[in-house]
Amino acid sequence: MSKIQVENLKYVGEGNANIVFSTDEDQVLRIPKSEQESLEKTKNFIDQVIKKLVDSSFIGYMNVIEVDPEVSKKLLLQSKRLDKSINYIPKKAYLMENHLIISRQHKNFSIEIKPKWGYKPNVKGNPIKSKTCRFHMHLHYKKKDDSEFCPLDLFSDEFERIFKSVNLLSEVNSNNWKVFVDSIPVEFKSQEIVLTSIVPMKEENSKVGKKILLLLVCELLNVSSILKTVKYHQSRLDELDIEVLYELFKTCFEEGDENIDTDRIDWNLVVEKYLKRIEKINVAGAGYQETENINLKNLIKKHLFNKNNSDGTFYLTDGSIMQYKVRLVDVDLKKPKLKYWFELDKNIYE
Ligand SMILES: O=P(O)(O)O[C@@H]1[C@@H](OP(=O)(O)O)[C@H](OP(=O)(O)O)[C@H](O)[C@H](OP(=O)(O)O)[C@H]1OP(=O)(O)O
Ligand SMILES: Nc1ncnc2c1ncn2[C@@H]1O[C@H](COP(=O)(O)OP(=O)(O)OP(=O)(O)O)[C@@H](O)[C@H]1O
């Protein structure tokens, strides 16, 4: 690795597939933990497909760089999810915009939300799927069904439901909600003092500070329209649900092809066809419309803001200015596991 100093890399987080470190230069190094789609292919997928579906300002820059395998190994050893026998050592990684940093002059406070699925599919003949959201079906399956958080609340247009879901996320220890201060992951509950340095509040009012911070998160989600866009595509790209998709898929491919190599799919063509299809739906009047959430806007304005610019600046009622950005992470091309997803769903509802 030429320019990046390994000693200065700080662990940020990891998922199933990648581990992420922040660098000194407001970037992150995202290293694959196991063999996956080629990194260049994923970059092209994001540039050519994802950026046609969401405003490209939600996607940070991303470059593929070569990494010394010795360095990769050292970094992978910091994983909290892999056992210590590292059996895949990548030679390439992504060097990306660090979404956790806006300014070097101020404290940077970041909240990450994994929103999951915001709608229920309309699967004929499968009442469970039209009654229970996908998140709760999977929680039940994983025997973790005590969560009151429901993605359908988060993706809804009603202030009370959005607030309730954000509040619940902040209370529960799960990877659906993460908080970082200057790129360091922190426990949200123990950070009430930190909150008061972000939201202008007296320390003794830290509980109020927390509530205001959560209101701020609701407002950011609202003004950025990111969840509306995600839900819009989720419900159109997967309206048939895996049950129907898998059956359709089998009619197009040969036996044994269930986990088809993505090289055989022309994603540009797929996205073009999809965009044409939704254009027709939109002309017919059932398209995506920004819904003004009067409740939420009024409440927040009354308590917190004088003015909110869509350029990423909030003007707070005490005269100070707050900058923000909203970004999407992990928009990779996934290896399709159609048979696995189909059987997983079947196991859950049967
Ligand atoms: O299916 P789910 O809802 O359990 O989602 C998995 C995620 O679990 P969680 O959000 O924690 O419940 C899971 O997330 P975590 O790694 O647990 O954060 C992965 O995103 C997994 O995808 P992949 O196997 O890495 O391609 C996800 O699996 P896929 O079903 O998308 O393959
Ligand atoms: N560009 C970024 N800037 C800052 N933090 C990031 C960035 N990308 C990822 N992260 C952090 O690293 C964590 C793991 O990254 P990511 O979600 O890409 O992992 P993954 O293994 O691909 O996820 P999954 O388990 O869903 O497959 C994220 O949850 C987030 O906290």
Side-chain angles (χ1 to χ4, degrees), residues 9-23 25-37 39 42-43 45-46 50 58-64 75-76 78-82 88 90 93-102 108-118 132-145 147 149-151 154 169 172-186 188 234 237-238 241-242 245-246 259 262 325-348:
L9 294 175
K10 287 194 191 83
Y11 177 90
V12 170
E14 65 190 295
N16 240 355
N18 299 280
I19 180 164
V20 175
F21 297 87
S22 61
T23 75
E25 281 117 25
D26 297 351
Q27 293 177 318
V28 296
L29 190 67
R30 182 169 178 248
I31 306 174
K33 300 199 287 187
S34 54
E35 194 151 16
Q36 43 182 265
E37 291 296 351
L39 278 59
T42 292
K43 180 178 159 45
F45 176 78
I46 294 170
I50 297 293
F58 286 127
I59 313 286
Y61 68 84
M62 165 179 186
N63 289 313
V64 177
L75 294 171
L76 286 175
Q78 294 189 39
S79 166
K80 298 176 181 154
R81 288 176 62 154
L82 285 173
Y88 174 75
Y94 304 102
L95 190 60
M96 310 166 76
E97 173 186 339
N98 185 344
H99 301 320
L100 309 177
I101 300 279
I102 294 192
N108 286 270
F109 192 83
S110 313
I111 294 191
E112 178 182 332
I113 295 176
K114 197 183 215 190
K116 306 299 289 185
W117 290 77
T132 315
C133 77
R134 188 178 192 275
F135 177 75
H136 276 104
M137 276 180 33
H138 282 238
L139 272 192
H140 176 73
Y141 185 67
K142 293 174 190 167
K143 304 204 180 347
K144 294 196 271 185
D145 49 351
S147 176
F149 162 72
C150 180
L154 182 65
L169 276 176
V172 178
N173 193 14
S174 80
N175 74 351
N176 296 3
W177 169 274
K178 291 183 197 161
V179 176
F180 300 83
V181 176
D182 290 336
S183 302
I184 310 289
V186 294
F188 186 69
Q234 281 181 346
L237 282 165
D238 194 19
D241 196 73
I242 187 71
L245 282 179
Y246 182 60
N259 295 327
T262 46
K325 62 178 183 177
V326 178
R327 294 286 186 276
L328 282 175
V329 298
D330 195 4
V331 281
D332 292 356
L333 175 59
K334 249 172 130 89
K335 272 195 189 300
K337 305 182 282 189
L338 288 147
K339 193 173 186 191
Y340 166 80
W341 290 321
F342 174 73
E343 282 171 358
L344 180 67
D345 268 25
K346 225 165 139 213
N347 281 338
I348 294 173

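Numbers here are sequence positions counted from 1. Remember, it's 1-based here, ligands and their atoms both numbered in the order they're listed.
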Query raised in the report: Just which atoms of ligand 2 are under 4.0 Å from any heavy atom in Val28?
Result: 1 (N), 2 (C), 3 (N), 4 (C)

**Report entry** Gap separating the CD atom of Gln36 from the NZ atom of Lys334, nearest 0.5 angstrom
**Finding:** 10.5 Å

Query raised in the report: Between atom CG of Leu75 and atom OH of Tyr11, what is the distance when rounded to the nearest 0.5 Å?
Result: 12.0 Å

Query raised in the report: Is there a nitrogen or oxygen of Asp332 sitting under 3.5 Å from a nitrogen or oxygen of ligand 2?
Result: no

Report summary line: Note: Glu14 and Ser79 closest approach over all heavy atoms is OE1-OG, 2.7 Å

Query - Per-atom contacts, ligand 2 versus Asn98 - under 4.0 Å to a heavy atom - result: 3 (N), 4 (C)

Query raised in the report: For His136 and Ser147, which heavy atoms make the closest approach, and how far apart are they?
Result: NE2-O, 2.9 Å

Query raised in the report: Just heavy atoms, cut-off under 4.0 Å: does Trp341 contact ligand 1 by side chain, backbone, both, or neither?
Result: side chain

Query raised in the report: NZ of Lys337 to CD of Glu343: how many Å apart, nearest 0.5 Å?
Result: 13.0 Å

**Report entry** Carboxylate-amine/guanidinium contact Asp332 Arg30, below 4.0 Å
**Finding:** yes

Requested in this report: Give the intermediate values and the outcome of side-chain contact (heavy atoms from CB on, under 4.5 Å) for residues Phe21 and Val12.
Outcome: CA-CA 5 Å; Phe21 297 87; Val12 170; 5.6 Å; no

Query raised in the report: Is Val20 in polar range of ligand 2, meaning some N or O pair under 3.5 Å apart?
Result: no

Query raised in the report: Do any nitrogen or oxygen atoms of Lys114 lie less than 3.5 angstrom from nitrogen or oxygen atoms of ligand 2?
Result: no

**Report entry** Ring-face cation of Lys346 near Tyr246 (centre distance under 6.0 Å, axis angle within 45°)
**Finding:** no

Query raised in the report: Arg81 heavy atoms, cut-off 4.0 Å: which ligand 1 atoms fall inside?
Result: 15 (P), 16 (O), 17 (O), 18 (O)

Query - ligand 1 to Asn176 polar contact by distance, N or O atoms, under 3.5 Å - result: no

Query raised in the report: What part of Lys33, side chain from CB on, backbone N/CA/C/O, both or neither, has a heavy atom under 4.0 Å from ligand 2?
Result: neither

Report task. Look at atom 11 (O) of ligand 1 and say which protein heavy atom is nearest, naming residue and atom and giving the distance to 0.1 Å. Result -> Lys114 NZ, 3.5 Å

Requested in this report: Show which atoms of ligand 1 fall inside a sub-4.0 Å distance from at least one heavy-atom site of Asn16.
Outcome: 16 (O), 19 (C), 21 (C), 23 (P), 24 (O), 25 (O)

Query raised in the report: Looking only at heavy atoms, is any part of Glu14 under 4.0 Å from ligand 2, and if so is it the side chain, the backbone, or both, or is it neither?
Result: backbone

Query raised in the report: What distance do Ile101 atom CD1 and Thr23 atom OG1 have between them, rounded to the nearest 0.5 Å?
Result: 9.0 Å

Report summary line: If you scan protein heavy atoms around atom 2 (C) of ligand 2, the nearest is His99 CD2, 3.4 Å

Query raised in the report: To the nearest 0.1 Å, how far is atom 4 (O) of ligand 1 from its closest protein heavy atom, and which atom is that?
Result: Lys142 NZ, 2.7 Å

Requested in this report: Given side-chain contact (heavy atoms from CB on, under 4.5 Å), test Lys43 with Leu333 step by step and report yes or no.
Outcome: CA-CA 9 Å; Lys43 180 178 159 45; Leu333 175 59; over 6 Å; no

Query raised in the report: Considering Leu29, Val12, Asn18, which one's heavy-atom position lies nearest to atom 21 (O) of ligand 2?
Result: Asn18

**Report entry** atom 23 (O) of ligand 2 [closest protein heavy-atom partner, distance rounded to 0.1 Å]
**Finding:** Asp330 OD2, 3.0 Å

Query - Among Lys116, Lys334, Lys335, Lys337, closest by any non-hydrogen atom to atom 22 (O) of ligand 1 - result: Lys334

Report task. May I ask you to decide if Leu95's main-chain N or O and Asn63's side chain share a donor-acceptor pair within less than 3.5 Å? Result -> no

**Report entry** For ligand 2, the portion of Asn16 having any non-hydrogen atom under 4.0 Å away
**Finding:** both

Requested in this report: Show which atoms of ligand 1 fall inside a sub-4.0 Å distance from at least one heavy-atom site of Asn175.
Outcome: 11 (O), 15 (P), 17 (O), 18 (O)

Query raised in the report: If you measure from atom 31 (O) of ligand 2 to every heavy atom of Glu112, Gln27, Arg327, which option wins on shortest distance?
Result: Glu112

Report task. Please indicate whether Lys10 has more than 12 foreign heavy atoms, meaning atoms of other residues, nucleotides or ligands, lying under 6.0 Å from its NZ. Result -> no

Report summary line: Closest heavy-atom approach to atom 1 (N) of ligand 2 among Glu97, Gln36, Met96, Lys178 is made by Glu97

Query raised in the report: If you take all heavy atoms of Val326 and Phe58, which pair is closest and at what distance?
Result: O-CD2, 3.4 Å

Requested in this report: Please report which non-hydrogen protein atom sits nearest to atom 19 (O) of ligand 2, along with the residue it belongs to and the distance in Å to one decimal place.
Outcome: Gly15 N, 3.5 Å

Query - Heavy-atom pair of closest approach, residues Lys33 and Ile19 - result: CG-N, 3.9 Å

Query raised in the report: At what distance is the nearest protein heavy atom to atom 8 (N) of ligand 2, and which residue and atom is it?
Result: Val329 CG1, 3.9 Å

